[in-house]
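FYI, the numbering just counts along the sequence from 1.
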Amino acid sequence: MKLSAIAAALFLVSAGISVPSFAQDKGAKKGGGGDMSFFVTSKGKGSGADLGGLDGADAHCNALAKDAGSKRTNWKAYLSTTQPGGEAGTNARERIGKGPWRNAKGVVVANNVADLHSPKSKVTKDTALTEKGQKVNGRGDTPNEHDILTGSDPLGMYSTAGGDTTCGNWTKSAEGSAIVGHHDRMGLKDTRHMKSWNSSHGSAGCSQEALVKTGGAGRFYCFAAN
């Protein structure tokens, strides 16, 4: 069977007729097949920063990845949480596995957790693709959607700055605020925090409208934990 299929393909090529690649991964056609282990959500949950907590955010990552053709089933949202009374919160960096992580095009954005949170990180507008392999609008695009929800400090840990930095641990869609990063590494000024992919500034609020106001859309990062 294989020999006859190859012979048929060779005949078509010799006749000048193009044929599809037999080696192309079916999932890759949709942008999320193959070895993808990192993406920016192509859409938020539609309720601002109310993601249904970490569990709801993880479920959203898994649903989008599955729809894109990924066979991985342990996707984690890159989000931190805080706890009252000085208790330890959840660190985004400790949720995402060990790496390396590749986008939908197979490009490695970081080899490990240390690289991801260092100048070696390759998270940029060109590499922070959605599960479909598409770029996300950044500064200068209309609309600008470079604010990515993280609730994290530059090291990927929960913030100790005080106040609400996670929109009530991802359960609020009105008052509050959440720390966001800039996936395109650009901002109003040429400063370190504006170039941060995971910790640039706080949002104007937790509603969808408030997130849009500061240049976001309720998107967040998803990593395949290993």
| query | Between atom SG of C167 and atom CG of D50, what is the distance when rounded to the nearest 0.5 Å? | reply | 9.0 Å

| query | Any chain of hydrophobic side-chain contacts (each under 4.5 Å) joining L51 to L64? | reply | no

Show me the side-chain donor-acceptor pairs of residues 173-180 shorter than 3.5 Å, one per line, residues at least two apart or across chains.
from: S177; atom 1: OG; to: S203; atom 2: N; distance (Å): 3.2
from: S177; atom 1: OG; to: S203; atom 2: O; distance (Å): 2.8

| query | Is there a donor-acceptor contact under 3.5 Å from the side chain of N74 to the main chain of N226? | reply | no

| Can you say whether the rings of H60 and F220 are parallel (under 30°), tilted (30 to 60°) or perpendicular (over 60°)? | tilted

| query | Salt-bridged, K122 to D115, with N to O below 4.0 Å? | reply | no

| said: Let me confirm one number: the CG-CG distance from L79 to N169, rounded to the nearest 0.5 Å. | reply: 10.0 Å

| request: Taking S121 for its side chain and S118 for its backbone only, find out whether a donor-acceptor pair lies under 3.5 Å. | output: no

| task | Would you mind telling me which of W101, W75, F223 makes a ring pair (Phe, Tyr, Trp, His ring centres under 6.0 Å) with F39? | result | W75

| said: Taking ring-ring contact (aromatic ring centres under 6.0 Å, His included) as the definition, give me every residue that meets it alongside W170, ordered by chain and number, with sequence neighbours left out. | reply: none

| query | What residues form a side-chain contact (heavy atoms from CB on, under 4.5 Å) with A128, not counting sequence neighbours? | reply | F38, V40, V123, H183

| message | Salt bridge or not between R72 and D35? Use side-chain N to carboxylate O under 4.0 Å. | response | yes

| query | Does anything in residues 73-115 pair up under disulfide bond (SG atoms under 2.5 Å apart), and if so which pairs, sequence neighbours excluded? | reply | none

| request: Could you check K135, K125, H146 and say which one makes a side-chain contact (heavy atoms from CB on, under 4.5 Å) with D141? | output: K125

| task | Identify, with sequence neighbours excluded, every residue that meets salt bridge (Lys or Arg N to Asp or Glu O under 4.0 Å) alongside R95. | result | D58

| Heavy-atom check, side chain of N137 versus side chain of P143, under 4.5 Å | yes

| field | Gap separating the CG atom of D184 from the CD atom of E145, nearest 0.5 angstrom | value | 11.5 Å

| query | Would you call E131 and D67 a side-chain contact if the rule is heavy atoms closer than 4.5 Å? | reply | no

| query | Using a side-chain heavy atom cutoff under 4.5 Å and only I, L, V, M, F, W and Y, what cluster partners does M157 have? | reply | L155

| field | Heavy-atom side-chain contact between R219 and D147 under 4.5 Å | value | no

| remark: d(E209 CD, T214 OG1) to nearest 0.5 Å is 12.0 Å

| Any donor-acceptor N/O pair, S37 side chain to R102 backbone, under 3.5 Å | yes

| query | Below 6.0 angstrom between ring centroids: does that apply to H201 and H182? | reply | yes

| task | Evaluate the salt bridge (Lys or Arg N to Asp or Glu O under 4.0 Å) criterion for residues K172 and D164: first the C-alpha distance (whole Å), next the side-chain angles of each, then the deciding distance (0.1 Å), finally the verdict. | result | CA-CA 10 Å; K172 291 183 178 180; D164 190 5; 3.5 Å; yes

| message | Looking at R93 and G156, would you say the former's side chain and the latter's main chain have a donor-acceptor pair under 3.5 Å? | response | no

| field | Sub-4.5 Å side-chain heavy-atom contact between P154 and S199 | value | yes

| request: Rounded to the nearest 0.5 Å, what's the gap from CG on N111 to CG on L116? Could you check? | output: 10.5 Å

| query | What do the steps show when you test D153 against Y158 for side-chain hydrogen bond (donor to acceptor under 3.5 Å, both in side chains), and what is the final call? | reply | CA-CA 6 Å; D153 71 7; Y158 65 87; over 6 Å; no

| task | Would you please test T90 and T81 for side-chain hydrogen bond (donor to acceptor under 3.5 Å, both in side chains) and show each step? | result | CA-CA 5 Å; T90 301; T81 63; 3.0 Å; yes

| task | Check whether any side-chain N or O of T41 sits under 3.5 Å from a backbone N or O of G44 as a donor-acceptor pair, and report yes or no. | result | no

| field | Centroid separation H117 to W197 less than 6.0 Å | value | yes

| task | Check for a donor-acceptor pair, side chain of S196 on one end and backbone N or O of H193 on the other, with a separation under 3.5 Å. | result | no

| request: Check the pair S80 / S152 against side-chain hydrogen bond (donor to acceptor under 3.5 Å, both in side chains), numbers first and verdict last. | output: CA-CA 6 Å; S80 294; S152 305; 2.8 Å; yes

| query | Just how far is it from atom CZ of R139 to atom CE of M194, taken to the nearest 0.5 Å? | reply | 8.5 Å

| task | Locate the shortest heavy-atom distance separating A49 from L211; write the atom from each residue and the value. | result | N-CD1, 3.8 Å

| Transitively linked via ILVMFWY side-chain contacts under 4.5 Å: I96 with V109? | yes

